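Report on the following structure.
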Amino acid sequence: MVWSFIFFGLSFVLAGVVRSTGAVIPPLIILFIALWVVRIPFAYAYVDSWGSDAIWWSFPLGSLVSMLLSIAYYTFR
């Protein structure tokens, strides 16, 4: 779990840079996707088989998705 803060930190920095240019909606959409489309459904899908580990693995997965989407937006927009 702790190593996933690298993903979250990079995503946070890139979102801050994008927001400073005046684009506030894209970082909001990226965080929405990372939380409501990836993290929460992943935890619900695997909580029966993995137990509480599903919740702990959903955090790095959501952070990774957020980082990848932030890099993609920063690079191509």
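Just so we're clear, the structure is a prediction, and the values are computed from it rather than from any experiment.
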Shared ILVMFWY cluster between [X] and [Y], side chains joined below 4.5 angstrom?
X: Phe5; Y: Val65; answer: no
X: Tyr46; Y: Leu61; answer: yes
X: Val37; Y: Phe7; answer: yes
X: Val18; Y: Phe12; answer: no
X: Met67; Y: Ile29; answer: yes

Any donor-acceptor N/O pair, [X] side chain to [Y] backbone, under 3.5 Å:
X: Ser63; Y: Pro60; value: no
X: Ser66; Y: Gly62; value: no
X: Ser20; Y: Val17; value: yes

Identify the two heavy atoms, one from [X] and one from [Y], that lie closest to each other, and give their separation to 0.1 Å.
X: Ala34; Y: Val38; answer: O-CB, 3.6 Å
X: Ser70; Y: Ile30; answer: OG-CG2, 3.9 Å
X: Tyr73; Y: Ala23; answer: OH-CB, 4.0 Å
X: Leu69; Y: Ile33; answer: CD1-CG2, 3.8 Å
X: Ala43; Y: Ala54; answer: O-CB, 3.9 Å

Would you compute the distance between atom [atom1] of [X] and atom [atom2] of [Y] and round it to the nearest 0.5 angstrom?
X: Trp36; Y: Leu31; atom1: CH2; atom2: CG; value: 13.0 Å
X: Leu68; Y: Leu14; atom1: CG; atom2: CG; value: 11.0 Å
X: Leu28; Y: Arg19; atom1: CG; atom2: CZ; value: 8.0 Å

Inset, instruction - Begin from the C-alpha positions of Leu10 and Ile71 and carry the test side-chain contact (heavy atoms from CB on, under 4.5 Å) through to its verdict. - result: CA-CA 9 Å; Leu10 186 57; Ile71 288 172; 4.0 Å; yes
Legend entry - Test applied, ring pair (Phe, Tyr, Trp, His ring centres under 6.0 Å); reference residue, Phe42; option that passes from Trp56, Phe59, Trp50: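 Looking at Trp56, Phe59, Trp50, the match for Phe42 under the ring pair (Phe, Tyr, Trp, His ring centres under 6.0 Å) is Trp50.
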